[in-house]
Amino acid sequence: SHPKRGQGPKTFVSMDKGVGAPLSMEEMIKTDKILNDMRAKRKKVHPLKQPYRESPFGDPICRFHNYDSGGCMKGAACPFDHSHCHICVAPGHAALSCPRFKDEAEFKKFHEAFTLLSTRPSSYRKRTVLGDAIKWDTERLPPACRQDDGQLRRCRRHKRFEAELLGALEVGSSFVDVGAHFGDTSATMAAHAKAVGRTDVRFFAFEPSKLKCLWLEEVAEANGLNIVVVNAAVGERE
């Protein structure tokens with residue numbers, strides 16, 4: 001059971017039967033204890049580890065409001081949605097008290113599938129180290145291969161130098177990234193070339209890992225980047 005918001009402190013909702021009889025004080029205390037225990041367990045998941053998600057109106061849903069036990073520190077000044085649940089997208093409650101789940105095991109099972117499978121690069125917005133907008137979501141990758149947001153912030157000075165060289169390239173030039181990894185360099189430079197109008201520059205990313213190549217291909221497609229991904233190692237001989 002779960003107390004229904006907006007129906008008064010003594011109204012009771014059953015997951016199976018809907019609105020039922022009023023709860024006694026003892027039952028209310030017991031229900032609150034169960035819910036508080038579930039919230040305490042769920043708060044261990046850092047809010048920014050959750051995937052990007054939008055409300056039915058197209059506004060980004062605030063993850064701190066949904067997953068931090070103290071709520072969003074920005075309060076009314078937060079530009080993100082505080083009205084909808086990050087899990088079920090229903091209004092009136094946050095993810096930590098979502099009535100969709102009867103126990104913690106059910107929540108964990110859903111959360112794992114939701115985090116790894118529900119998002120794509122096309123739905124997650126970030127910025128590169130050069131300040132260009134890019135759709136980039138590594139949460140859907142297997143945990144062993146998952147990278148944090150630091151991928152896009154690597155080698156700031158080096159990439160700024162590369163950006164200067166990029167601007168001086170002749171029309172129709174090519175940019176080759178050997179050992180592209182997850183594409184932090186090739187995607188960053190291709191996004192910058194697109195932002196400054198150098199769509200004539202072609203980018204080639206060589207990477208021996210098939211998984212990383214698939215990821216970089218999705219990033220390129222989601223952002224409309226002119227990157228040719230080659231699944232191969234580069235050396236002095238074949």
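Note that the structure is a prediction, hence the values are computed from the model and not measured.
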What I'd like to find out is whether the side chain of [X] reaches to under 4.5 Å of the side chain of [Y], using heavy atoms alone.
X	Y	result
Ile87	Tyr67	yes
Glu162	Thr185	yes
Met189	Leu130	yes
Leu216	Ser186	yes
Val129	Cys155	no
Cys98	His86	no

Ring geometry between His65 and His82 (parallel below 30°, tilted from 30 to 60°, perpendicular above 60°):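 Parallel: the ring planes of His82 and His65 meet at under 30°.
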Search all heavy atoms of [X] against all heavy atoms of [Y] and return the closest pair with its distance.
X	Y	answer
Ile134	Thr128	CG2-CG2, 3.9 Å
Cys213	Val230	SG-O, 4.0 Å
Asn226	Val201	ND2-O, 3.2 Å
Phe64	Pro47	CD2-CG, 3.6 Å
Ile227	Ala187	CD1-CA, 4.0 Å
Leu166	Ala193	CD2-CB, 3.9 Å

In Å, rounded to the nearest 0.5 Å, how long is the span from [atom1] of [X] to [atom2] of [Y]?
X	Y	atom1	atom2	answer
Cys78	Met73	SG	CE	12.0 Å
His192	Arg160	NE2	CZ	11.0 Å
Leu214	Asn231	CG	CG	7.5 Å
Phe80	Cys72	CZ	SG	9.0 Å
Phe204	Asp177	CZ	CG	12.5 Å
Phe182	Trp215	CZ	CH2	8.0 Å

Taking [Y]'s backbone N and O only, do any of them form a donor-acceptor pair with [X]'s side chain (distance below 3.5 Å, no angle check)?
X	Y	result
Arg198	Leu169	yes
Asn66	Ala95	yes
Thr188	Asp184	yes
Lys194	Asn223	yes
Glu207	His181	yes

Verify same cluster id: Val219, Val228 (apolar side-chain graph, 4.5 Å): no
